[in-house]
Amino acid sequence: MNIMLVLMDHDGGVDDYLATMLLMTMDNVQPLGIVVTPADCYAEPAVSATRKILDLMGCSHVPVAESTVRGINPFPRLYRRDSFIVDHFPILNQNETISTPLLAESGQDFMIRMLRESSEPVTLMVTGPLTNVAHALDTAPEVEAKIQRIVWMGGALNVSGNVEKNWEPGQDGSAEWNAYWDPISVARVWRSQIEIIICPLDLTNDVPVTSDIVYKMGKQRQHPVSDLAGQCYALVIPQDYYFWDVLATAYLAHPEFYELREWETEIVTVGLSQGRTKVVSGGRKIYAMDEVDKEAFYSYILQQWAR
């Protein structure tokens, strides 16, 4: 089995923690560390929850670094407060101390260092904005050659975005949140030569978090990871919630579940459509997860939560 070196960059939403948990169960992955970006979260509880999750899973050897980057369009406070709730789950607070190290260096500096030091190409698994990646490319251009590919949960190609106009009056509803938070950084990454594979809303809209799947997690709650996953999803079940970050991350273990499609795209950085991932002839070529075997995906995550 070929071992994939993966550096994860998440932004502290509920599904970011679940994606982190899934990544830690993968036999074909060597996680180099976790960068926590202060986007869909408050930084301190998001970092704390991430470290506690790694402790719970016996992965306290995986370092965590807090990014200090900032976006242009902040996530709503209502979304970000979930980071406090997850950090207070009883299952994550059974011990007095946290073993997983929090690095003194910033997340963006940690990303650059890990890329520089790696003897093998690294896959960047990004389930939040691309700001740290853009910072790395601007600050240390030589690390571009060390990035094997970027797998990103972000963008909306041929469907509406999830930045709702009534929440964000300066937006026309075409952007996806991870792109909208910092569209200039997305455009910077698009100017690189790195292979980009996105998991867009076009696909995630078809893979909802259902009561049925949450109940199935409950039936295997004797496994701590499944118990935690069920609690996380129970928190968000009243919302329209989808397997955004988990669906994107599962690609690393089972690309055969997915069909990819190539698109030519550009990133809109200003105006009412800022953050839009626009399909344009002659644009930057990317791959998008176009279809997924849903039953195989659902079975896989239930199996992994029960490990």
Between Lys216 and Asp212, does any side-chain N to carboxylate O distance fall below 4.0 Å?
yes

Say whether Glu66 and Ser106, considering side chains only, have a donor N or O and an acceptor N or O under 3.5 Å apart.
no

CD of Glu117 to CD1 of Ile112, rounded to nearest 0.5 Å, is 12.0 Å

Verify, without hydrogens or angle tests, whether Asp202 (side chain) and Asn158 (backbone) share a donor-acceptor contact under 3.5 angstrom.
yes

More than 12 heavy atoms of other groups within 6.0 Å of Arg221 CZ
no

With rounding to the nearest 0.5 angstrom, report the OG1 to CD distance, Thr68 to Glu105.
11.5 Å

Between Glu266 and Arg284, is there a side-chain N and carboxylate O pair less than 4.0 Å apart?
no

Is there a donor-acceptor contact under 3.5 Å from the side chain of Asp15 to the main chain of Leu18?
no

What's the shortest heavy-atom distance between Ser99 and Ser60, and which atoms?
CB-CB, 3.9 Å

Tell me, do Ile198 and Met289 make a side-chain contact under 4.5 Å, heavy atoms counted?
no

Looking only at heavy atoms, the pair that brings Ala156 and Ser174 closest together is CB-O, 4.3 Å

Compare all side-chain heavy atoms of Ile267 with those of Thr277 and state whether any distance is below 4.5 angstrom.
yes

Backbone N/O of Arg149 and side chain of Glu195: donor-acceptor pair under 3.5 Å:
no

Separation of Leu54 CG from Thr100 OG1 (nearest 0.5 Å)
4.5 Å

Counting only N and O atoms by type, is there a donor-acceptor contact under 3.5 Å from the side chain of Asn205 to the main-chain atoms of Leu201?
yes

Among side-chain atoms of Ser226 and Gln220, is any donor-acceptor pair under 3.5 angstrom?
yes

Walk me through it: do Thr127 and Asp9 pass the test side-chain hydrogen bond (donor to acceptor under 3.5 Å, both in side chains)?
CA-CA 6 Å; Thr127 58; Asp9 182 346; over 6 Å; no

Heavy-atom donor-acceptor pair, Asp245 side chain to Val126 backbone, under 3.5 Å:
no

Sub-3.5 Å donor-acceptor pair from the side chain of Asp55 to the main-chain atoms of Ile98, do we have one?
no

Any side-chain heavy-atom pair from Ile286 and Glu264 closer than 4.5 angstrom?
no

Side-chain contact test, heavy atoms from C-beta onward, threshold under 4.5 Å: evaluate it for Tyr258 versus Glu291 and give yes or no.
no

Between Leu302 and Met217, is the side chain to side chain contact (heavy atoms under 4.5 Å, CB included) condition met? List the steps.
CA-CA 7 Å; Leu302 284 170; Met217 290 175 201; 3.9 Å; yes

Apply the test side chain to side chain contact (heavy atoms under 4.5 Å, CB included) to residues Ile3 and Val29: give CA-CA distance (whole Å), side-chain angles for both, the deciding distance (0.1 Å), then the verdict.
CA-CA 5 Å; Ile3 300 298; Val29 163; over 6 Å; no

Would you confirm whether Asp227, through its side chain, and Pro224, through its main-chain N or O, come within 3.5 Å as a donor-acceptor pair?
no

When you measure from the side chain of Thr37 to the backbone of Ala39, do you find a donor-acceptor pair of N or O atoms at a distance under 3.5 Å?
no

Check the hydrophobic clustering (I, L, V, M, F, W, Y; side-chain heavy atoms under 4.5 Å; chains of links allowed) and say if Ile34 and Met114 are grouped together.
no

Start with the C-alpha distance between Trp305 and Met21, add both sets of side-chain angles, then the distance that settles side chain to side chain contact (heavy atoms under 4.5 Å, CB included), and finish with yes or no.
CA-CA 8 Å; Trp305 297 157; Met21 289 155 57; 3.9 Å; yes

So which residues get pulled into Ile72's cluster when ILVMFWY side chains under 4.5 Å apart are joined, directly or through others?
Ile184

Does the Lys146 side chain pair with the main chain of Leu115, one donor and one acceptor, at a distance under 3.5 Å?
yes

Given Thr131, Asp182, Asp138, the one that forms side-chain hydrogen bond (donor to acceptor under 3.5 Å, both in side chains) with Arg188:
Asp138

Is a side-chain N or O of Thr139 found less than 3.5 angstrom from the main chain of Ala136, in a donor-acceptor match?
no

Given the ring of Phe75, does Arg80 sit roughly above its face, with NZ or CZ under 6.0 Å from the centre of the six-membered ring and within 45° of the axis?
no

Say whether Val143 and Leu130 are linked into one hydrophobic cluster, either directly or through other cluster members, by side-chain heavy-atom distances under 4.5 angstrom.
yes

Answer yes or no: is there a side-chain heavy-atom contact under 4.5 Å between Trp263 and Val280?
no

Nearest heavy-atom approach of Ala288 to Leu157 is CB-CD1, 3.7 Å

I'd like to know whether the aromatic ring centres of Phe243 and Tyr233 sit less than 6.0 Å apart in this structure.
yes

Minimal heavy-atom distance between Gly33 and Leu7, with the atoms involved, is O-CD1, 3.4 Å

Rounded distance (nearest 0.5 Å) linking atom CZ of Arg276 with atom OG1 of Thr269
13.5 Å

pair Val35-Phe110: side-chain heavy atoms closer than 4.5 Å
yes

Salt bridge flag under 4.0 Å for residues Lys294 and Asp206
yes

Assert yes or no for the condition that the ring centre distance of His254 to Phe297 is strictly below 6.0 Å.
no

Determine whether Asn73 and Gln171 satisfy the following criterion, side-chain hydrogen bond (donor to acceptor under 3.5 Å, both in side chains), listing intermediate values before the conclusion.
CA-CA 10 Å; Asn73 301 301; Gln171 229 285 330; over 6 Å; no

Contact summary for Cys199 and Ala248, nearest pair of heavy atoms:
CB-CB, 3.6 Å

Not counting sequence neighbours, which residues clear side chain to side chain contact (heavy atoms under 4.5 Å, CB included) with Leu272? List them please.
Asp172

Would you call Asp40 and Arg81 a salt bridge, using N to O less than 4.0 angstrom?
no

Give the cluster check for Met153 versus Tyr287: same hydrophobic cluster or not, with ILVMFWY residues linked at side-chain heavy-atom distances below 4.5 Å.
yes

Nearest heavy-atom pair of Ala49 and Leu92: which atoms, and what distance?
O-CD1, 4.4 Å

Between Trp152 and Val186, is there a side-chain heavy-atom distance shorter than 4.5 Å?
yes

Is there side-chain contact between Arg307 and Val225, with heavy atoms separated by less than 4.5 Å?
no

Does the pair Arg51 and Leu102 meet the rule for a side chain to side chain contact (heavy atoms under 4.5 Å, CB included), with working shown?
CA-CA 8 Å; Arg51 295 171 67 208; Leu102 173 60; 3.8 Å; yes

Any side-chain donor-acceptor pair under 3.5 Å between His10 and Thr50?
yes

Quick check: is Met26 connected to Leu228 through a chain of hydrophobic side chains (ILVMFWY, heavy atoms under 4.5 Å apart)?
yes

For Gln193, look at atom CD and say whether over 12 heavy atoms of other residues, nucleotides or ligands are found less than 6.0 Å away.
no

d(Tyr17 OH, Cys232 SG) to nearest 0.5 Å is 8.5 Å

Using 0.5 Å steps for rounding, measure from the OH atom of Tyr241 to the OG1 atom of Thr210.
14.5 Å

Do Leu252 and Leu32 share a hydrophobic cluster, counting only Ile, Leu, Val, Met, Phe, Trp and Tyr and linking them when any side-chain heavy atoms are less than 4.5 Å apart?
no

